[in-house]
Amino acid sequence: MSTVKLTVNGRAVSVDVEDRTLLVHVLRENLNLTGTHVGCDTSQCGACVVHVDGRAVKSCTMLAGQAAGSNVTTIEGLAKGDELHPMQAAFRDNHGLQCGYCTPGMIMSAVDIVHRHGGNLDEETVRHELEGNICRCTGYHNIVKAVLDAAGRMKVAQAAE
Amino acid sequence: MYETNYHRASSVADAAATFAKGTESKFLAGGQTLLPVMKQRLAAPSDVIDLSRVQEMIGIEVSGDTVTIKAATPHYDVAQSDAVRKAIPALANLASMIGDPAVRYRGTIGGSLANNDPAADYPAAVLALGATVKTNKRSIAADDFFKGLFSTALEDGEIITAVSFPVPAKAGYAKFPNPASRFALTGVFVAKTKAGDVRAAATGASQSGVMRVPAIEGALKTNWSAAALDSVKIPSNGLLADIHGSADYRANLIKVMGQRAVTAAG
Amino acid sequence: MGVEGIGARVVRKEDRRFITGQGRYVDDIKMVGMSYAHFIRSPHAHAKVKGLDSAEAMKMPGVIAVLTGQQLVDDKVGNLICGWAITSKDGSPMKMGAWPAMAPETVRFVGQAVAVVIAETRNQAKDAAEAVVVNYEELPAVPDIAAAIKPGAPQLHPEAPGNVVYDWHLGDEAAVKDAFSKAANVVTLDLTNNRLVPNAMEPRAAIAHYDQADEHYTLYTTSQNPHVARLVLSAFYNIAPENKLRVIAPDVGGGFGSKIYIYPEEMVALWASKKVNRPVKWTGDRSEAFLTDAHGRDHVSKAEMAFDKDNKILGLRVKTHANFGAYMSLFSSAVPTYLYATLLSGQYVIPAIYAEVMGVYTNTTPVDAYRGAGRPEASYLIERMMETAARQLKVDPTELRKKNFINQFPYQTPVIMAYDIGDFHASIDAAMKAIDYAGFPARKAKAKADGKLRGIGISCYIEACGIAPSKAVGSLGAGVGLWESAEIRVNPVGTIEVLTGSHSHGQGHETTFCQIIAERLGVPLSQVSIIHGDTDKVQFGMGTYGSRSLAVGGTAIVKAMEKVEAKARKIAAHALEASESDIVIENGEFKVTGTDKSIALPMVALAAYTAHNLPDGMEPGLKETAFYDPTNFTFPAGAYICELEVDPTTGKTSFVNFVAADDFGRLINPMIVEGQVHGGLAQGIGQALLEGAVYDGSGQLVTASFMDYTMPRADDLPSFQLSHTTTLCPGNPLGVKGCGEAGAIGASAAVINAITDAIGNNKLEMPATPDRVWHAIHG
C-alpha cells in the first residue's frame, strides 16, 4: 500500500491504494469519477483516456504511483461549470455519440488532437489520430465531423482570448 | 495484476540499487507493454522501478554526426523533435508511427528496445542505422544487441540509458501495420551510411525478431532505388505466419515495404 | 412538423450526461457492503471436471465464498433456456443439451464458468481464483462445422446425436427442382459468413442485491430487455418470483444483440447475493467478453440460382450449416431459420425457393443474434449471388437486379414473408446517381493507370424488422409474444412521463420518443421525459432488438397517447363547454375550433387530478397504458454501392466512396437515423474487411483480444454518403420501418462485390484481409 497524492480536475487529492492500482481505478473507485471508462484489457480501446500533465494518456496503462504529483484532467473536469467545452458541444451538435461509453475517452483524445494540430486538421488526419480510440456505435462518421467542428470552435475561442 | 512494489527512481544509480533489492524486479519505463502484460497476469514482478522521471535519462542530443536519444524519452518527443527531423527524418517518422497518440506520449525508446517485441518499430531503426545502445554498464552495438524474440544482450539489472544513432546519408522507414494491433505486420528500415554502406532491417516478419535483410542490402548497394528491389526474392522460410499474414505474404511485404522505405528516403 | 416534432433533427436530450461523464452504467454503481465476483473459467474447449479444490483459496485474504456448479444444481437453479422451438424436417423437435450456469461435470467451450469466487475486492477475488485447483480431464474438441458433422466426430451432448440440433427446411423442394430443370443458366456459389464478436464497448456487468427482510432481489444489469431478463430469471431459473425481483438496466454501453440474453454471470450473481448475504458485483473484462458474449453469424452455405433465357430468376436452392457453439443461446435457434431463410427472396421475384438449414453444436462460444441476425446472412448470400450471376451472364449487375425486382406490393414471397410496401427502383437509382455509376468505367481506367485496381459493388438489401406479430411468431415456435407496452403519465402540472418497454442503449429513445409526443401535443421536448429500463417503474416490455423500438414501442406510445388525448379532450370540452368533436390540440393547448376559446394542457391535467369538475362518471387522473402487437413485420430496404481500390502489391483495400440509399419509411429524427446507418455500415464493413473470430484446431479462440480481433477504427472507414427514399409503412400509424440494422445487413456484400470486381475473381471470403486479397490476386 502507498499513499498517492495528485491533483485531479484542479483538486488536490490523496489516496491510499495497493501499488498495483491503476490510475483509472483511483479515478473510478477512490474518487468516484466514473466518467472515465474501461473498455478493454489490452490498452487499445481508449475509453479510459484522461489528460496527465496536459497529455492524453490511457489511464488503464498507468499505475497510480506513476501519476503521483501530476495534474490529471478527466471528462468531469473539462467543462467550465455549466459551459461545455467546445469539444463536448461539438460531439452533441454533430451526434458524435450513441451509447456514450467510448465518448469520454474519445473527447479527451480529441481535445489533445486539436491541441497538437491546432486548426490544421483535415478528415484524414483526424481519422489517423483517432487510431487509439474504438467506437462500436457511430462508425466514426459523426465523431470525425465533431472533431473538425470543434477544431474550428477552439480556434475561434483561442483567437478571442 | 498481481500486487507489486512501486518505486520511482531518482537517478540511474538509484534505479540500479533499488532493482538489486527486489527478488524479481523489473524496470518500468513508459509501461505501454509491461503494464498490459502485468494486467494479464503474465508477469509478476516483485518490484517495479519507474525510470520515466529520471531526468538524466530524458532528452535528445544532436552533435556532429550522432543523434543521441536518451532512453526514457517518449516516442512523441522524438517524433516532434526538430533536431531529429533534421538529422534523421526517418527516425522521427518511425516514432510517429508507433502505437497510437496516447501510447506515444508514454512509451519510450529504452522500453521498446529492452522488450524487443518482434513487431516493435524501433528495433528496425536501431539495427538498420547501426546504432549503439548505451547502458549503465557498457555500450552495445546494434548487431550484438538483439537476441531473438523478447530477448536482448541486456544482463539482469542493466539499464539502457541512451541510444546513439550515426546520422546516415539517407534513410527511410515503411510499415504495414497489423490491422488489429497496429504493431508492424512488417516494417522495413533502410539506410545508406555516409561511408556508402547499405543496411536494411525488417521487423514484424521474422520468427526470430528484428533481422537484417541481405537481399535488400545487396540490391540497394548496387542501385539505391525502389526499382532495384523489383527482382529481389525474399525467402519465406523462417518468417512468421498467423491469421493476419502468411509467411509468403510477409516475404512480399518485406520487399514492398523495402521499396517504399527507399522511396521515402529519397 | 414542429421544430421539435416528427422529422426534426433535434440534438439528443441524453447527450449532456454522456459528454460530461455523468452517464450511469452498471459498473459505476456502488452499494454499501458490496462484494466482488470473479469467475473461474475453463481453459479447455471440451473436458470433464474431475475435481475442484477451493480449500487454499478460502484461506486467502478477503475471500467470502467459492461457489461451484454443483451447488447451483443442489439449489435447483435452472439451466439456461432457448426460447424458440424449431422442428426438424422429419417432424422431430430440436435436440438440446443442458446448459448449466456453471458447469458441474463437463465444460464445452473455453471460458465456460465452473466456479465463482466472492471476495471483498476485485483483486482479492482474482488472486483467490488462481488458488482454486480444478482438475480437468480433456476430451477431444470439435472446433468448427466441418469437424462437427464428420462421421465419428466427438459428441458434445448425448441429447444431440451427430452434434445436430436440427435439420430444418423451408419452401417447396419440388417446385425448385422443377424450376432448375427449366433453367437456361444456373449460377452456384459457396459462401462462408464469418463468425463475429459483438464487442459493445461496455463489457457486461451485474450487481445483485438480496434484501433478507423482504426476501427481495435487485439486479442491475447490462441488458437490452430487463423485463425479459426478469421473466426468464423468475420463470425458468427459479431465482425468485417476479414480484420479488427487480431488474434495472441503467445506461447501457451498446448491445448489438449481445445484451439480449440472460447470461450465467447474472444468474450466479443473484444466487450468490443470497448465499453470501452481500451485494455482489461482477464486471466482465474484454477478455471475458470475447469468450462469453454470444457471438454472431457463422454460416457455411451452398447456393444455386436458376435463370431463364431472359435472365429472369426461376428458383433458388440454399443449403446452410449454422454453428451454434456449445449451447443453444436464448434466441439462437430462430436466427438461421425464421430470421434468415424467410428473407432469401431478397428484393426479387423468385417463384420457387427451397432452403435447408442444419444447426450444429461445436466446442465454441454460443452463437446468437448479432446486429441483423440472420438477415445479414441472407442478404449477403443473395447479393453475392446476383453479382456473381451478372458476371456469369455478362450483364450489368444493376440491370440484372432491376429486371428481377419486385414491383407490385403487397408481395407474398415463397418463404413466409409478405412484403407490405417498397420501391426498390427508387433506392438503386438514388444510389447509382449518388456514386455516378455511369462514370465508373472511366474512373477504373484512370486508377489502373496509377497501378490500382478499382472495383464497384452493389448490394440491394431487404430486412424484416418490427419484430413481431405475436400470434405469427408463436405459431413458428417463439416462446414469447413480441408486442410492446407504453404508459403515458400526464402529471398534474402538465409535464409528461412516457414509460416504455423499449430500452435505449445508444439509440436515442429519450429524444425520438419525446418528439412523437411533441408532434402530437405541440409541447416542448423539455416537458417530456422517457422512463425505461426498470421493472419497478415500467410494468412490462419486450425490449430493444430487431429494429423494433420505434415500429413497435413507438406505436405503443402512439396508442397510449390516443387514449390520453381522448380523455383530455373530454375534460377540455367539459371545461370549455364545447363539443368534444370541436376540440383540436395545438401548441400544448386544447382549442375549440373556430373560436378563441382554449385551455392549456397543464390546466387540463390539473383538472384531471383535482377532480373538482370532471364530466360525470369520469375517473380522476390522466394516465393511460397501451400494449401494441404489430400486425406484420416492417420491411426496410435499400441499395448500397461501394467503390474502392485495391493495392495489388499489398492487397490493401481503400475506400473511394460508399453510398447508401435507404427506405425506412417516415423518419422521426433524421440525424439519429443517419447515426444508426453509419454504425450499421461500420459493422457490415467490419465483417467484410476486418472482423472474424478464429478458433484453432483445439477450440482455443485465437482472436481473443483487440490485439488479434480487428475492430473497425476511424482510419479503416470512409465518410458515408447517405440518402433516403420513402414509402410509408402501412402497418403502423407512424409509417416507420426501423433503421438500426440496415447498415450491417447490406454493407458486407457491397464491399466484397467491389473487391471481387476490382481483382477480377470471385474466390474471396470474409474478412477480406490484405493477406487474403493479395493471395486472391497472386495465388
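By convention in this document, chain letters (A, B, ...) are assigned in the order of the sequence lines, proteins followed by strands, and residues within each chain are numbered from 1.
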Review point. Looking at C:His778, C:Arg772, C:Lys126, which has the largest count of heavy-atom pairs under 4.5 Å with chain B?
Key: C:Lys126

Check your understanding: In terms of heavy-atom pairs under 4.5 Å with chain C, which of B:Asn252, B:Ile243, B:Leu253, B:Val256 leads?
Key -> B:Asn252

Exercise for review: Kindly give the heavy-atom pair with the smallest separation between C:Thr650 and B:Tyr249, and that separation in Å.
Suggested key: O-OH, 2.5 Å

Practice item. With a 4.5 angstrom heavy-atom cut-off, could you sort out which part of B:Gln40 is near chain C: side chain, backbone, both or neither? Key: side chain

Point to revise | Atom of C:Thr710, atom of B:His244 and distance for their closest heavy-atom approach | key: OG1-CE1, 3.8 Å

Practice item. Go through C:Leu689, C:Asp715, C:Thr769 and name the one with the most non-hydrogen pairs under 4.5 angstrom from chain B. Key: C:Asp715

**Study point:** Interface moiety of C:Ser287 toward chain B, non-hydrogen atoms closer than 4.5 Å
**Key:** side chain

Revision key, fill the gap. When every non-hydrogen atom of C:His775 is compared with those of B:Ser246, the smallest separation belongs to CE1-OG, 2.8 Å

Exercise for review: Side chain from CB out, backbone as N, CA, C, O: work out which of these in B:Met1 comes under 4.5 Å of a heavy atom of chain C, or both, or neither.
Suggested key: backbone

Check your understanding: Does a side-chain heavy-atom distance below 4.5 Å link B:Tyr2 with C:Glu130?
Key -> yes

Point to revise | chain C contact via B:Asp248 - which portion, at a heavy-atom distance below 4.5 Å | key: both

Check your understanding: Any idea which heavy atoms bring B:Arg41 and C:Asn123 closest together, and the distance?
Key -> NH2-O, 3.9 Å

Point to revise | C:Lys448 NZ: over 12 foreign heavy atoms closer than 6.0 Å | key: no

Exercise for review: Pick one of side chain, backbone, both or neither for C:Glu691, based on which atoms fall under 4.5 Å of a heavy atom in chain B.
Suggested key: neither

Review point. Does the salt bridge (charged side-chain N to carboxylate O under 4.0 Å, His left out) test come out yes or no for B:Arg182 and C:Asp716, once each step is laid out?
Key: CA-CA 12 Å; B:Arg182 304 299 178 103; C:Asp716 291 317; 3.1 Å; yes

Practice item. Please flag which part of C:Asp647 lies under 4.5 Å from any non-hydrogen atom of chain B: side chain, backbone, both or neither. Key: side chain

Exercise for review: Quick one: pull up CZ in B:Phe183 and CE in C:Met707 and give me the separation to the nearest 0.5 Å.
Suggested key: 4.5 Å

Exercise for review: Give, as side chain, backbone, both or neither, the part of C:Pro770 having an atom under 4.5 angstrom from any heavy atom of chain B.
Suggested key: both

